[in-house]
Amino acid sequence: MRWSRLFVPTLRDAPGDAEFASHKLLVRGGFIRQLQSGHYSMLPLGFRVHEKVTQVIRDEINAIGGQEMSLPIMHPASLWQASGRWDSVGDELFRLTDRKGADQALAMTHEEAFTSVFAEVSSYKQLPMIWYHFKTKLRDELRPKAGLLRVREFVMKDSYSFDVDETGLDVQFQAHHQAYSTIFSRLGLDALPVQASSGSMGGSDSIEFVVPAVAGEDDIAICRSCDYAANIERATSQIAAVDDGAGAAETTRFPTPGVRTIAALEEVDGGAPADRQIKTLVMNLDGELTLVLVRGDHNLVEQKLIDHTGAVVAEPAEADAIRAALGASPGSLGAVGVSGLRIIADPALQGRVNMTTGANEDDWHLSGVDVDRDIAVDEWVDVRGVEAGEGCPNCGQPLELVRAIEVGHIFKLGRKYTEGFGITVLDQNGKAVVPIMGSYGIGVGRAMAAVVEVHHDDNGIVWPTVIAPFEAVITVVKVKDEPSMQLAEQLYAELQAAGIDVVLDDRDARAGVKFTDAELCGIPFRLTIGPKGLESGQLEFVTRTTGDKQDVAIADAAALIIDSVEGSR
RNA sequence: CGGGACGUGGCGCAGCUCGGUAGCGCACCUGCUUUGGGAGCAGGGGGUCGGGAGUUCAAAUCUCCCCGUCCCGACCA
């Protein structure tokens with residue numbers, strides 16, 4: 001490829017609305033352009049990287065027996081109705097109506113579609129199956145952000161495994177686990193496998209691969225002493241018991257004028273420290289008001305609540321609804337004596353006495369609350385967010401919280417879809433069994449962005465060779481100098497013949513411009529050809545990762561590049 | 001959905017307070033000089049000032065509505 005013919009619109013300044021390194025650099029380097037919020041065009045360089053990331057993933061999924069195919073993006077509503085997700089996924093699913101009036105869905109994942117194809121498989125002898133495709137997904141995200149990191153339209157590799165039994169599923173799950181580790185490592189990502197919530201997909205074992213980075217959107221609890229790592233949506237911890245003293249015989253109402261917050265209740269006469277208060281949250285779970293109780297200094301993790309209840313929508317209840325149900329406004333709420341509402345409480349409250357909470361009357365609170373005695377808890381459920389420094393659930397050592405980008409997710413789907421679609425295969429005994437599924441995804445564009453987040457410097461992107469838009473660039477300092485161009489053409493041909501993905505920078509521009517662009521775009525190796533080098537017989541060879549410059553004899557240049565590229569693939 | 005900010009040539013910005021018919025840097029085109037780290041000089045092209053309505057003799061500027069984009073929050077009782 002000749003740079004003079006390439007469309008690489010590099011920019012000196014990043015767009016003003018770009019915040020994160022990957023966003024800025026991918027735009028500045030001419031890799032991507034935004035069409036609208038959450039939708040990006042892949043320009044030639046971006047597309048090259050995207051294709052290379054795709055190929056790495058393809059290699060590794062093929063290596064574990066994956067069969068690549070390609071399923072549609074537009075699905076009939078009936079398919080999603082059959083799985084129940086037409087109603088359960090909410091507004092994230094793009095829906096449209098065709099001219100015949102038929103409802104259609106734009107796929108956000110392909111569980112249903114793959115399962116429908118699987119209906120033709122009828123014998124255990126054909127199992128296991130690992131099927132996958134690279135396909136554009138559409139999701140009406142609440143808030144697209146950070147360039148390629150969170151978008152509404154993106155290509156995902158999603159694979160699905162089908163097995164006769166759990167043991168088989170375990171094998172596929174482990175195979176994917178291993179394949180993902182290899183993929184991310186080849187991409188230059190230190191991806192950490194962490195326990196995760198399986199969200200609306202349903203399923204049991206769920207592991208996310210995350211890359212620690214400031215641009216991330218996930219909080220991960222990590223133990224440095226053992227191998228515990230979990231998404232905050234799933235993480236648990238050991239916490240010290242709180243000394244409540246002796247329990248009171250009965251609750252006491254006391255006035256708390258103007259007190260609306262946990263902090264204020266700590267200060268007021270008759271108040272209590274946060275860890276001896278009960279925080280009463282009124283949540284609207286698919287229209288049903290539910291009281292969720294956590295310790296005053298704890299935070300609710302909505303995902304935990306959703307995972308437990310299966311609710312589609314979980315949001316704080318409206319103030320009006322709260323007042324109608326409990327007779328008071330937020331700030332004075334409590335669960336003591338409440339009946340007729342579902343009450344979910346965090347285990348950190350179990351057995352606690354002498355607690356303080358709202359009295360369900362504005363400006364009044366209760367003290368001396370004995371949780372087991374005074375509150376009709378329906379379910380004890382861990383809904384609390386862990387905090388940094390709390391004890392690891394495995395070894396008790398302090399947990400650390402880190403921001404991370406989720407780059408991959410594997411989980412055991414179970415039989416939700418096969419069962420829902422009435423799919424069975426015959427086992428060895430001729431008996432019909434419902435196959436069990438696994439589901440495994442990697443977002444290609446997000447992986448790209450994650451690589452940039454981790455691999456860049458002041459001069460631009462530093463791509464790992466395997467996914468760099470080009471493996472090497474031959475920079476011709478003075479294009480009009482005949483001997484320079486002649487040598488460049490010769491080396492260019494030689495490298496291409498050797499299978500090197502090389503670009504010849506033959507633009508009639510100043511050397512500095514070409515050097516800067518090569519660095520911004522992150523091309524791993526650069527050979528500079530100019531009159532100076534021709535005269536001395538030594539060409540300059542630069543390695544992007546280290547910035548190291550070395551002189552190489554003209555005759556040795558090709559071999560050096562080939563070795564360097566091959567050694568870093 | 002709530003809160004905040006922003007919207008002026010491809011990119012980055014000024015102009016808006018105090019209305020008078022649009023400017024700077026980069027990029028682009030032509031010429032000359034230059035040429036090993038984002039060249040210099042000269043000339044040139046390109047803008048419905050996000051859109052609509054209103055106020056006014058006159059609107060990028062003031063008012064209202066809408067749209068778009070970015071950030072924060074999505075819960076702290």
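What you are looking at is a predicted structure, and each value in this text was computed from that prediction instead of being measured. Below, read A as the first sequence line, B as the second, and so on, with proteins coming before strands; counting in each chain starts at 1.
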Trainee: Which nucleotide, if any, forms a Watson-Crick or G-U wobble pair with B:C6, using both distances under 3.5 Å?
Mentor: B:G68

Trainee: Does the structure show a Watson-Crick or G-U wobble partner for B:G73, both distances under 3.5 Å? Name it, or say none.
Mentor: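 Pairing partner, where one exists within any strand: B:C1.
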
Trainee: Strictly by Watson-Crick or wobble contacts shorter than 3.5 Å, is anything paired with B:C24, and which nucleotide is it?
Mentor: B:G12

Trainee: Could you list by number each residue of residues 512-527 of chain A showing a heavy-atom separation from RNA chain B of less than 4.0 Å, or answer none if no residue does?
Mentor: A:G512, A:V513, A:F515, A:T516, A:D517, A:E519, A:R526

Trainee: Pick the C1' atom in B:A60 and in B:G20, then give their distance to the nearest Å.
Mentor: 13 Å

Trainee: Determine the contact category for A:K478: base if any of its heavy atoms lies under 4.0 Å from a base atom, sugar-phosphate if only primed atoms, P, OP1 or OP2 are that close, otherwise nothing.
Mentor: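 No contact at all - A:K478 keeps every heavy atom at 4.0 Å or more from the nucleic acid.
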
Trainee: For A:T545, check side chain to side chain donor-acceptor pair (under 3.5 Å) against everything at least two apart and list the hits.
Mentor: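 With sequence neighbours excluded, A:T545 shows a side chain to side chain donor-acceptor pair (under 3.5 Å) to no residue whatsoever.
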
Trainee: Say you pick atom C1' in B:U17 and the same atom in B:A74; how far apart are they, in whole Å?
Mentor: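 My reading of the C1' atoms in B:U17 and B:A74 gives 36 Å.
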
Trainee: Is any side-chain heavy atom of A:D374 closer than 4.5 Å to one of A:T251?
Mentor: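 They are in side-chain contact.
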
Trainee: Which residues pass the side-chain contact (heavy atoms from CB on, under 4.5 Å) test with A:V381, not counting sequence neighbours?
Mentor: A:H308, A:I344, A:E379, A:V383

Trainee: Report the residues that fulfil salt bridge (charged side-chain N to carboxylate O under 4.0 Å, His left out) with A:E141, sequence neighbours left out, ordered by chain and then residue number.
Mentor: A:R150

Trainee: Students often get this wrong, so: under 4.0 angstrom with heavy atoms, is A:K549 touching a base, only sugar-phosphate, or nothing?
Mentor: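 Contact class for A:K549: base.
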
Trainee: Pick the closest RNA chain B nucleotide for A:K532 and for A:H23 by heavy atoms, then say which residue is nearer the 5' end.
Mentor: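 Residue closer to the 5' terminus by nearest nucleotide: A:K532.
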
Trainee: Taking CG from A:L305 and P from B:A74, how many angstroms apart are they, rounded to a whole number?
Mentor: 16 Å

Trainee: Could A:D297 and A:R276 be called an ion pair, given the rule that one side-chain N must be under 4.0 Å from one carboxylate O?
Mentor: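 Judged by the 4.0 Å cut-off on N to carboxylate O distance, A:D297 and A:R276 do not form a salt bridge.
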
Trainee: Counting only heavy atoms not in A:E250 (residues, nucleotides, ligands), do more than 12 fall under 6.0 Å from its CD?
Mentor: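 No.
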
Trainee: Please give the distance between the P atoms of B:G15 and B:U61 as a whole number of Å.
Mentor: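 Taking atom P in both B:G15 and B:U61, they lie 15 Å apart.
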
Trainee: Can you figure out which of B:C76, B:G36, B:U69 approaches the side chain of A:K279 most closely?
Mentor: B:C76

Trainee: Will you find, in the side chains of A:T10 and A:D517, an N or O donor that is under 3.5 Å from an N or O acceptor?
Mentor: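 Result is yes, a qualifying pair exists.
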
Trainee: Side chain to side chain donor-acceptor pair (under 3.5 Å) with A:S484: which residues, sequence neighbours excluded?
Mentor: A:D481

Trainee: Rounding to the closest angstrom, what is the interatomic distance between B:G51 and B:G44 at atom C1'?
Mentor: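 The same atom, C1', in both gives a distance of 32 Å.
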
Trainee: Give A:V27 one of three labels, base, sugar-phosphate or nothing, depending on what nucleic acid heavy atoms sit under 4.0 Å from its own.
Mentor: nothing

Trainee: Heavy atoms under 4.0 Å is the rule here; annotate nucleotides 6-13 of chain B 5' to 3' with B where the base is hit, S where only the sugar-phosphate is, and - elsewhere.
Mentor: -----SSS

Trainee: Rounded to whole Å, how long is the line connecting atom CG of A:L142 with atom C1' of B:G2?
Mentor: 11 Å

Trainee: Using side-chain contact (heavy atoms from CB on, under 4.5 Å) as the criterion, list what pairs up with A:V353, not counting sequence neighbours.
Mentor: A:D244, A:D370

Trainee: Taking the same atom, P, in B:G2 and in B:G19, what whole-Å distance lies between them?
Mentor: 34 Å

Trainee: Closest to the A:Q34 side chain: B:G36, B:C70, B:G38?
Mentor: B:C70

Trainee: Are any of A:R143's side-chain N or O atoms less than 4.0 Å away from OP1 or OP2 of B:A74?
Mentor: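 It does not, given that no N or O in the side chain of A:R143 lies less than 4.0 Å from OP1 or OP2 of B:A74.
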
Trainee: How long is the line joining CG of A:D508 and P of B:G31, in whole Å?
Mentor: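 For the pair A:D508 CG and B:G31 P, the rounded distance is 12 Å.
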
Trainee: Figure out the CZ/P separation between A:R510 and B:C26, and round it to whole Å.
Mentor: 14 Å

Trainee: In whole Å, what separates the P atom of B:U48 from that of B:C57?
Mentor: 27 Å

Trainee: Pick the nucleotide of RNA chain B nearest each of A:E19 and A:D297; which residue has the one closer to the 5' end?
Mentor: A:E19

Trainee: Round to the nearest Å and state the distance from A:E217 atom CD to B:G73 atom P.
Mentor: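 So the two atoms are 10 Å apart, to the nearest Å.
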
Trainee: Does one side chain, of A:T516 or A:R12, offer a donor that lies under 3.5 Å from an acceptor on the other?
Mentor: no

Trainee: Once you round it to whole Å, what is the distance between P of B:A27 and CZ of A:R28?
Mentor: 13 Å

Trainee: CD of A:E141 versus P of B:C70: gap in Å, rounded?
Mentor: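 The answer, rounded to whole Å, is 13 Å.
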
Trainee: Is B:G43 paired to anything, Watson-Crick or G-U wobble with both distances less than 3.5 Å, and if yes, which nucleotide?
Mentor: B:C29

Trainee: Quick one: list whatever passes salt bridge (charged side-chain N to carboxylate O under 4.0 Å, His left out) with A:D563, sequence neighbours left out.
Mentor: none

Trainee: Any luck finding a side-chain donor-acceptor pair between A:N299 and A:E387 under 3.5 Å?
Mentor: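 Looking only at side-chain atoms, A:E387 and A:N299 do form a donor-acceptor pair, the distance falling under 3.5 Å.
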
Trainee: Specify the separation, in whole Å, of atom CG of A:L149 and atom P of B:C71.
Mentor: 10 Å

Trainee: Within 45 degrees of the ring normal and closer than 6.0 Å to the centroid, is that where the cationic atom of A:R95 sits relative to A:W80?
Mentor: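 So A:R95 doesn't make the cation-pi contact.
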
Trainee: List the residues meeting side-chain contact (heavy atoms from CB on, under 4.5 Å) with A:D91, not counting sequence neighbours, and say none if there are none.
Mentor: none

Trainee: Say you pick atom C1' in B:U21 and the same atom in B:A59; how far apart are they, in whole Å?
Mentor: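 About 9 Å, rounded to a whole number of Å.
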
Trainee: Which is true for A:G533 with a 4.0 Å heavy-atom rule: it touches a base, it touches only sugar-phosphate, or it touches nothing?
Mentor: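 Result for A:G533 = base.
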
Trainee: Respond yes when some side-chain nitrogen or oxygen of A:T475 is under 4.0 Å from OP1 or OP2 of B:G36, and no when none is.
Mentor: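 Indeed not, no polar side-chain atom of A:T475 lies that close.
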
Trainee: Go through the side-chain N and O atoms of A:D506 and A:S4 and say whether any donor and acceptor fall under 3.5 Å apart.
Mentor: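 Yes.
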
Trainee: If we take the P atom in both B:C75 and B:C66, what is their distance in whole Å?
Mentor: 24 Å

Trainee: Given that both distances must come in under 3.5 Å, which nucleotide forms a Watson-Crick or G-U wobble pair with B:C49?
Mentor: none

Trainee: From C-beta outward on A:K145, which listed nucleotide comes closest to its side chain: B:C71, B:G36, B:C75?
Mentor: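 Per side-chain heavy atoms of A:K145, the pick is B:C71.
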
Trainee: Which nucleotides of nucleotides 43-51 of chain B have their base under 4.0 Å from a protein heavy atom (B), which only their sugar-phosphate (S), and which neither (-), written as one string 5' to 3'?
Mentor: ---------

Trainee: Taking a pair as Watson-Crick or G-U wobble with both distances under 3.5 Å, which nucleotide is matched to B:U35?
Mentor: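 Checking every strand shown, B:U35 finds no partner, since no pair has both distances under 3.5 Å.
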
Trainee: Apply side chain to side chain donor-acceptor pair (under 3.5 Å) to A:E153 and list each qualifying residue two or more places apart in sequence or on a separate chain.
Mentor: A:H39

Trainee: Using a cut-off of strictly less than 4.0 Å between a heavy atom of the residue and any atom of RNA chain B, enumerate the qualifying residues of residues 344-366 of chain A by number.
Mentor: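 None - not one residue of the stretch has a heavy atom sitting under 4.0 Å from the strand.
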
Trainee: Strictly by modelled atom types, are A:H365 and A:T256 linked by a side-chain donor-acceptor pair under 3.5 Å?
Mentor: yes

